[in-house]
Amino acid sequence: MARPAVAGRIRLLGGALAAAGATVLACGTSVPAVTGVAAWSGPWGWAGAAVATAARHGSPLAWAAGLGCLAACAAAALRAAVRAVAAVPTDALLARARTGREVTQGATLLDLRALTLVLQSAGGRRRRTARLPMPSARWAVPLWRDAVVLLRHPWRPVLACAALIAGFAQFRVVADWLAEPGHGAVGPLKAAFVGLLLVVPPYLAAVALAEPAYQDTDRPRRALLLPLSPGVLALSHLAVPVAFLWAAGGAGWVAALLSGPPSGPLGAYATALLLAGPALVGTTLVGAYRGAPRYDLLALSLDWYAAVPFVLWRLAPVLAAAFVVAPYLWHAAYDPSAGPDADTLWLAVRSAAVLAWAARRVGRQARELCG
């Protein structure tokens, strides 16, 4: 069976399923005749209709009819599947098996970047995307490259937006939970754990926007083609993600001003993005330029705690981001009515310190990677 024919039949079956489901939802039990016809119109309703009819009338005939229809449908689907699999070329099967083996290897070795590259290579043909005119200014070329990469991977900015929205929703849930009676007194360990959870979504947003840096580290020699030093090129990857986070924070501030006092939860979350955005992106660049996983750290000891150095090496960027953002988000969730105070100042200080550390480390890692 040709692939277009299979795809056409799948679309037809999906359309029939959607039509039957919409009919059942629209009519419900108010029009029994229409509901019965929709339920018996295909495999999506045969089993449920048979069980409901047998339970209501006590008739085994409906159950047998539904079972027979399902068996016939399964046999037809199995026959079509066998014919479709037989038409798949051997090279395609070998490529899929190799992809599955590489995915398993990357997941086993905790090499998330290798896993991402395998999934991207298995994504199929690249679609046409919007193009940006190449700038004439030398300093704008790295920014243009980063913007082009994000345009070619549009799901990255979408994922970043989804992470930021989910992070704000999580922040509101934590604030409402702490406002309930009996949840105000939280121990230091639980507060640290909740603070780490609040940092995860904005950090994932920064990681999603750092795809251009990861592509440069996948092929380090490509950076030598540009008239920039490896350290300067690595630090140039800060601009586009930081601008994205600042735009999200600015939009949050505008929404907070239009909806009420800016000292509310939305204003606090927007402030965290505005002040800690550069540090968040800087920590993701540290993770991008640190090279291959350091499995040699596992050989430092033969005891169970031998994995501790490797785990700390893996989580170092996340822990640095948590050091910047977690205290502020926790305090803002604990006391939503508090306005700009010393916590905001300390957030800016921690962000500046971690950004300086990240810039120094990324510059050194980039020179070692391209050297």
Side-chain angles (χ1 to χ4, degrees), residues 139-140 142-143 145-147 149-150 156-157 160 163-164 167 195-196 198-217 223 228-253 268-291 312-332 340-370:
W139 61 268
L143 310 184
R145 291 175 68 246
D146 291 359
V149 170
L150 293 180
R156 289 279 184 171
L164 293 178
L196 288 175
L198 293 175
V199 174
V200 171
Y203 179 78
L204 291 180
V207 171
L209 297 172
E211 176 65 19
Y214 281 102
Q215 289 197 4
D216 277 353
T217 56
L228 296 173
S229 64
V232 173
L233 182 61
L235 294 179
S236 69
H237 292 303
L238 282 166
V240 174
V242 169
F244 188 96
L245 294 181
W246 279 354
W253 253 101
Y269 201 80
T271 301
L273 293 180
L274 291 173
L275 294 181
L280 288 174
V281 179
T283 56
T284 60
L285 294 184
V286 171
Y289 278 90
R290 62 186 170 185
L312 291 178
W313 177 87
R314 172 68 74 179
L315 297 181
V318 184
L319 295 177
F323 168 74
V324 176
V325 188
Y328 177 82
L329 289 181
W330 165 254
H331 184 266
D341 52 5
D343 286 334
T344 307
L345 176 61
W346 280 112
L347 172 64
V349 171
R350 291 193 302 270
S351 178
V354 171
L355 179 61
W357 166 79
R360 183 172 178 272
R361 187 172 181 85
V362 167
R364 184 175 70 252
Q365 290 174 334
R367 289 189 294 269
E368 293 176 356
L369 193 63
C370 298

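Residues Val318 and Val199 are not in side-chain contact: their nearest non-hydrogen atoms beyond the backbone lie 4.5 Å or more apart. Side-chain contact between Val242 and Leu280: absent, with no pair of heavy atoms (C-beta onward) separated by less than 4.5 Å. Residues Pro142 and Leu233 are in side-chain contact: their nearest non-hydrogen atoms beyond the backbone lie under 4.5 Å apart. Counting only heavy atoms from C-beta outward, the side chains of Thr344 and Leu275 approach each other to under 4.5 Å. Between Phe244 and Leu150, every side-chain heavy-atom pair lies at or beyond the 4.5 Å cut-off. Looking only at side-chain heavy atoms (C-beta outward), Arg156 and Leu209 stay at 4.5 Å or farther from each other.
Nearest heavy atom pair, residue Pro202 against residue Leu164, reads CA-CD2, 4.2 Å. Nearest heavy-atom pair, Arg290 versus Pro317, reported as atom, atom and distance to 0.1 Å: NH1-CD, 3.4 Å. In this structure, Val362 and Gly282 approach most closely via the heavy-atom pair CG2-O, 4.3 Å. Shown here for Ala270 and Gly252, the closest heavy-atom pair between the two residues is CB-C, 3.9 Å. The shortest non-hydrogen separation linking Tyr214 to Gly287 is OH-C, 4.2 Å. Of all heavy-atom pairs between Ala272 and Leu329, the closest is CB-CD2, 3.9 Å.
Interatomic distance, Arg360 CZ to Leu355 CG, rounded to the nearest 0.5 Å: 14.0 Å. For the atom pair Asp146 CG and His237 NE2, the distance stands at 5.5 Å (nearest 0.5 Å). The structure places OH of Tyr203 at 9.5 Å from CG of Leu319, a figure rounded to the nearest 0.5 Å.
For Arg350 (side chain) and Phe323 (main-chain N/O), a donor-acceptor pair under 3.5 Å exists by modelled atom type. Under a 3.5 Å cut-off, the side chain of Ser351 and the backbone N or O of Ala348 do not form any donor-acceptor pair. A donor-acceptor pair is defined here as one N or O able to donate and one able to accept, closer than 3.5 Å; no such pair exists between the side chain of Thr217 and the backbone of Tyr289.
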Between Leu245 and Leu274, does the side chain to side chain contact (heavy atoms under 4.5 Å, CB included) criterion hold? Intermediate values first, please.
CA-CA 7 Å; Leu245 294 181; Leu274 291 173; over 6 Å; no

Would Leu285 and Arg361 satisfy side chain to side chain contact (heavy atoms under 4.5 Å, CB included), going step by step from the backbone distance to the final call?
CA-CA 9 Å; Leu285 294 184; Arg361 187 172 181 85; over 6 Å; no

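By the neighbour-count criterion of 12 heavy atoms within 6.0 Å, atom CH2 of Trp246 is sparsely surrounded, having that number or fewer from other residues, nucleotides or ligands. The number of heavy-atom neighbours closer than 6.0 Å to CZ of Arg364, taken from other residues, nucleotides and ligands shown, is above 12.
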